[in-house]
Structures are given as C-alpha cells and as structure tokens.
Amino acid sequence: MTGAPIEWITVPSPLPSGPLGVGVTGLGVAAVSFSPDVDPGGPAAPGAVRCTDRRRVAAVAGRFEEYFAGARRELDLPLDWRLATGPHRLVLETLYRTVPYGETVTYGRLAQRSGAFDQVAQSPGLAARAVGSMMAANPLPVLVPCHRVVASDGLGGFGGGRIGLDVKRWLLTLEGWLAPTLDWDGPG
DNA sequence: CGGACAGTCCACG
DNA sequence: CGTGGACTGTCCG
C-alpha cells in the first residue's frame, strides 16, 4: 500500500531546539522533527503539506504543551509506525513498550531486550552500537523515547550535534532523571 | 584510573 | 555494496 500522505503541524516547545514539526496521517503521528525548517522531508521541504484540521492541530499541540509543562507523562497519541521497518521498528517498539517516563535503559540492554540481534551475547558492544544507529534514525523522537536510552558509562549521544545533547538533557531533566542545572528553564 | 581498541550490527549514501 | 556511527568490555600504560 502507498501510505497516506503526511501533513505537518508546527508545535511550540520550550526545548533548546525550538518548535517541533509533527507529521500526522490518518493513522496517527508518523514523524517528529527537531529542525522543521531544514529537515529533509520535513514541513519546509518542497511538496510538504500543512495540516489544516484545526481540531487535530489543537489536540496534538495540547498534548505536547502538557507534556512539556510536566502536567502529563504520556503523550497518548496514536502512532503511525510506517517510517520504521524490520529490526529498526522492532527495537523502537520495544523501547516504546518497556521504558516508561522517568526511567532509562542502556543501549546494550535495549539491544538484548528487543531480541533483534543474534550476536548480542558474543559482542554486546556491536549490538549496542547498532541500537545507537537506530535511535539516530528514530522517526518519532519524544513519542518513542529515544532520549531515555543512555550509554553504560554516561549519557550517550543524541542527533543534532551539541544542541541535540542539550535536548536530551532537557527531556531527562523534565522527567526527573537528571537534576536541574543553571540553564534549565523548564518546570520545577 | 584513563585511554586505546577490536568487534562485524544497522542505516544511509 | 561501502562506510561510518547516539557502544561496550577488555587490555594496556
């Protein structure tokens, strides 16, 4: 089947990266972009369509607003998983299903838990690295909580370079896993 | 205790 | 197909 077209919504956010681009289809949210102005395939790309359904726009923006304000722990939005397939999707779904708000999992543990890798026991580092690739290619950041995946000896990485890591810190601080710092401008 | 290193998985060009 | 990455346990100095 040729998937339903993605329609884009711009959602205000207190993240250091600025507003989010949220791509929706009839099935649910299919994509989230931290840099909607430059993201290839994002809302600014040629041919991209904006979502004009005010009701849907309000629903999506409202959920994110509450989450960012610390008033909501689950986004509770239906997801359209079509942009991830195979082992990639299996790992993302395992993360979505098993790692709740305020908790984290290591790259290696997620690799093991997902069952997507044969050689995990022999070379845990390789599977962990593969999981890193999959997180970097997560089409649904925030909703599929790739920010809750950390390295065994630290925070690990995040897309978007230095600013990306700031986003990861911001989200983990919001969820209470990191202690607030001086540059923290969120709730609490 | 900190740094280098090999391992051979996956996404993307 | 080749390349490089959001890792990790082990091994040196």
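Remember, it's a predicted structure, so these values are computed and weren't measured experimentally.
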So what does A127(A) touch, heavy atoms closer than 4.0 Å: a base, only the sugar-phosphate, or nothing? nothing

I want to confirm an ordering. Mapping D118(A) and A137(A) to their closest nucleotides on DNA chain B, which one lands closer to the 5' end? D118(A)

Going 5' to 3' along DNA chain C, which nucleotides are the first and last within contact of chain A (any atom under 4.0 Å from a heavy atom)? dG5(C) to dG9(C)

Contacts table for residues 175-188 of chain A: side-chain donor-acceptor under 3.5 angstrom, sequence neighbours left out:
unit_1, atom_1, unit_2, atom_2, d
E175(A), OE1, G102(A), N, 3.0
E175(A), OE1, R148(A), NE, 2.7
E175(A), OE1, R148(A), NH2, 3.4
E175(A), OE2, Y67(A), OH, 2.6
E175(A), OE2, H147(A), NE2, 3.0
E175(A), OE2, R148(A), NE, 3.4
E175(A), OE2, R148(A), NH2, 2.8
W177(A), NE1, T104(A), OG1, 3.2
T181(A), OG1, D183(A), OD1, 2.6
W184(A), NE1, P187(A), O, 3.1
D185(A), OD1, W170(A), NE1, 3.1

Could you tell me whether S152(A) contacts a base, only the sugar-phosphate backbone, or nothing, with contacts defined as non-hydrogen atoms closer than 4.0 Å? sugar-phosphate

Short side-chain to backbone donor-acceptor contact, R72(A) and E66(A), under 3.5 Å: no

Paired stems touching DNA chain B, three or more consecutive Watson-Crick or G-U pairs with both distances under 3.5 Å? B:1-7 with C:7-13, B:9-13 with C:1-5

Rounded to the nearest 0.5 Å, what separates atom CG in L155(A) from atom CZ in R169(A)? 6.0 Å

Tabulate below the donor-acceptor pairs under 3.5 Å that side-chain atoms of residues 6-14 of chain A make, not counting sequence neighbours, or state none.
unit_1, atom_1, unit_2, atom_2, d
T10(A), OG1, R50(A), NH2, 3.3
S13(A), OG, L15(A), N, 3.1
S13(A), OG, G18(A), O, 2.7

Strictly by salt bridge (charged side-chain N to carboxylate O under 4.0 Å, His left out), give each pair with a member in residues 85-99 of chain A just once, sequence neighbours left out. R89(A)-E93(A)

Can you sort out the partners of P36(A) under side-chain contact (heavy atoms from CB on, under 4.5 Å), two or more places apart, ordered by chain and number? S33(A), P43(A)

Pick base, sugar-phosphate or nothing for M134(A), based on heavy-atom distances below 4.0 Å to the nucleic acid. sugar-phosphate

Would L90(A) and M134(A) show up in the same hydrophobic cluster when neighbours are defined by side-chain heavy atoms closer than 4.5 Å? no

Between which nucleotides of DNA chain B, 5' to 3', does chain A make heavy-atom contacts below 4.0 Å? dG7(B) to dC12(B)

Position toward the 5' end of DNA chain C (nearest nucleotide), S133(A) or P124(A): S133(A)

Classify the nucleic acid contact of F117(A) as base, sugar-phosphate or nothing, counting any heavy atom under 4.0 Å across all strands shown. sugar-phosphate

Between A151(A) and R129(A), which is nearer to the 5' end of DNA chain C once each is assigned its nearest nucleotide? R129(A)

Can you tell me which residue pairs pass the ring pair (Phe, Tyr, Trp, His ring centres under 6.0 Å) test with a partner in residues 71-108 of chain A, sequence neighbours excluded? W81(A)-Y96(A)

Contact class for A130(A) (heavy atom, under 4.0 Å): base, sugar-phosphate, or nothing? base

Ignoring hydrogens and angles, write down the donor-acceptor pairs under 3.5 Å from the side chains of residues 53-60 of chain A, residues two or more places apart or on other chains.
unit_1, atom_1, unit_2, atom_2, d
D53(A), OD1, R55(A), N, 3.1
D53(A), OD1, R56(A), N, 3.1

What residue pairs, at least two apart or across chains, pass salt bridge (charged side-chain N to carboxylate O under 4.0 Å, His left out) with a residue in residues 113-139 of chain A? none

Measuring only between side-chain heavy atoms, which start at C-beta, is I163(A) closer than 4.5 Å to F158(A)? no

Looking at DNA chain C, which of residues 107-114 of chain A put a heavy atom within less than 4.0 Å of it? Y107(A), G108(A)

Do any pairs count as a salt bridge (charged side-chain N to carboxylate O under 4.0 Å, His left out) and have a residue in residues 18-43 of chain A, sequence neighbours left out, and if so which ones? none

Would L110(A) end up clustered with L126(A) when hydrophobic side chains under 4.5 Å apart are linked, directly or stepwise? no

